[in-house]
Amino acid sequence: MGAAHSSSSSTSDGSSVGSPVVLNVYDLTPMNNYMVWFGIGIFHSGIEVHGLEYGFGAHDYPTSGVFEVEPRSCPGFVYRCSILLGHVNMSLPEFRAFLEDIAEDYHGDTYQVISKNCNHFTDDICLRLTGRPIPGWVNRLAHLGKDMFTHKCVSCAVVYSLKASDNQQLNSYMSTVVCRKTVLDHFGRSHPMIQQKVMT
């Protein structure tokens with residue numbers, strides 16, 4: 001999909017620092033322009049190495065969901081920004097072999113919005129290449145959703161095991177506790193929205 005090129009940088013002493021590892025982030029909705037102020041958003045991301053971008057998407061088959069596109073041009077998404085995450089000292093053939101190996105763990109029919117999405121893929125690639133994760137805000141909504149789903153299931157199991165007459169009061173209490181715990185776990189007590197909305 002286009003001509004790949006190797007792009008390595010040099011330091012002031014002439015030594016090579018390798019090919020840049022860049023996270024390209026895309027908006028999935030115009031609402032991100034407002035949601036980013038709260039530290040969340042609905043994003044797609046791809047990892048750019050050796051002049052090409054790689055992402056992960058869903059399909060119905062037990063084959064790789066990893067795909068390749070021109071950088072900052074992923075179809076169906078609106079480009080937001082690029083973040084340099086480090087450098088990698090791999091040739092293009094070495095990187096492709098590395099990617100083919102990882103693609104075995106990312107079949108299109110295993111894609112799940114909350115637990116195994118495109119941002120989980122880019123985070124995994126980045127950790128393996130640079131030892132650094134992608135910024136937390138890129139996939140924060142999925143992490144919040146996972147926590148809320150997990151806590152909600154625990155709450156539901158407790159509530160449904162009680163008599164119907166006791167349900168209403170306990171359900172209200174559990175929802176408040178779960179909501180507070182999830183928000184506090186992700187933003188900390190000092191976040192201004194928590195002080196105003198959750199703690200009052």
Side-chain angles (χ1 to χ4, degrees), residues 1-30 32-33 35-36 39-143 146:
M1 294 206 141
H5 65 278
S6 177
S7 57
S8 61
S9 305
S10 300
T11 61
S12 59
D13 66 359
S15 61
S16 178
V17 292
S19 181
V21 176
V22 178
L23 182 73
N24 293 323
V25 182
Y26 300 83
D27 288 323
L28 270 69
T29 174
N32 281 354
N33 292 327
M35 295 187 331
V36 294
I40 61 171
I42 305 171
F43 302 104
H44 168 75
S45 65
I47 203 82
E48 180 182 345
V49 180
H50 288 293
L52 288 171
E53 182 176 321
Y54 303 89
F56 172 57
H59 58 69
D60 294 332
Y61 307 102
T63 58
S64 178
V66 176
F67 60 89
E68 175 184 291
V69 296
E70 292 293 324
R72 299 169 301 284
S73 303
C74 193
F77 307 112
V78 177
Y79 172 75
R80 172 173 277 274
C81 66
S82 293
I83 303 164
L84 177 64
L85 296 170
H87 292 81
V88 63
N89 287 315
M90 277 186 191
S91 67
L92 182 58
E94 289 172 326
F95 178 73
R96 287 202 184 258
F98 162 81
L99 200 59
E100 285 176 17
D101 185 47
I102 288 178
E104 291 298 315
D105 296 333
Y106 289 94
H107 287 184
D109 63 345
T110 65
Y111 184 99
Q112 294 181 0
V113 173
I114 302 246
S115 61
K116 192 175 186 182
N117 64 36
C118 56
N119 301 316
H120 291 103
F121 169 76
T122 55
D123 190 51
D124 186 18
I125 297 292
C126 192
L127 280 168
R128 292 182 195 212
L129 291 177
T130 69
R132 294 178 55 194
I134 65 173
W137 59 267
V138 175
N139 207 23
R140 183 167 286 138
L141 195 59
H143 294 299
K146 184 178 179 183

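By convention here, the first residue in the shown sequence is residue 1.
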Donor-acceptor under 3.5 Å ([X] side chain, [Y] main chain):
X      : Y      : result
Asn24  : Gly46  : no
Asn32  : Ile42  : yes
Thr110 : Gly108 : no
His59  : Ser64  : yes

- Apply the test side-chain contact (heavy atoms from CB on, under 4.5 Å) to residues Glu68 and Arg96: give CA-CA distance (whole Å), side-chain angles for both, the deciding distance (0.1 Å), then the verdict. CA-CA 11 Å; Glu68 175 184 291; Arg96 287 202 184 258; 2.9 Å; yes
- Query: So which heavy atom on Thr122 is nearest to which on Ser45, and how close?
  - Reply: OG1-OG, 2.8 Å
- Which atom names give the shortest non-hydrogen contact between Pro133 and Leu85, and what distance separates them? O-CD2, 4.4 Å
- What is the ring orientation for Phe43 with Trp137, classed by angle as parallel under 30°, tilted 30 to 60°, or perpendicular over 60°? perpendicular
State, with a plain yes or no, whether a side-chain heavy atom of [X] is found less than 4.5 Å away from one of [Y].
X      : Y      : answer
Asp109 : Asp60  : no
Leu23  : Ile47  : yes
Asp123 : Asn139 : no
Glu70  : Leu52  : yes
His50  : Glu94  : no
Tyr26  : Arg80  : no
Phe98  : Leu129 : yes

Supply the atom-to-atom distance [X] [atom1] to [Y] [atom2], rounded to the nearest 0.5 angstrom.
X      : Y      : atom1 : atom2 : result
Lys116 : Ile114 : NZ    : CD1   : 15.5 Å
Asp27  : Asn33  : CG    : CG    : 6.0 Å
Leu127 : Arg132 : CG    : CZ    : 10.5 Å
Glu48  : Leu84  : CD    : CG    : 10.0 Å

- Exactly one candidate in Leu28, Ile40, Val113, Asn119 meets side-chain contact (heavy atoms from CB on, under 4.5 Å) with Leu141; the answer is Ile40
- Message: If we check ring pair (Phe, Tyr, Trp, His ring centres under 6.0 Å) with His44, which of these qualifies: Tyr111, Tyr79, Phe121, Phe77?
- Response: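 The ring pair (Phe, Tyr, Trp, His ring centres under 6.0 Å) with His44 is passed solely by Phe77 among Tyr111, Tyr79, Phe121, Phe77.
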- Are Tyr106 and Tyr54 close enough that their ring centers fall under 6.0 Å?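 So the answer is no for these two rings.
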- When you check the side-chain N and O atoms of His120 and Asn117, is any donor under 3.5 Å from an acceptor?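 Yes, because at least one side-chain N or O of His120 sits under 3.5 Å from a partner of the opposite role on Asn117.
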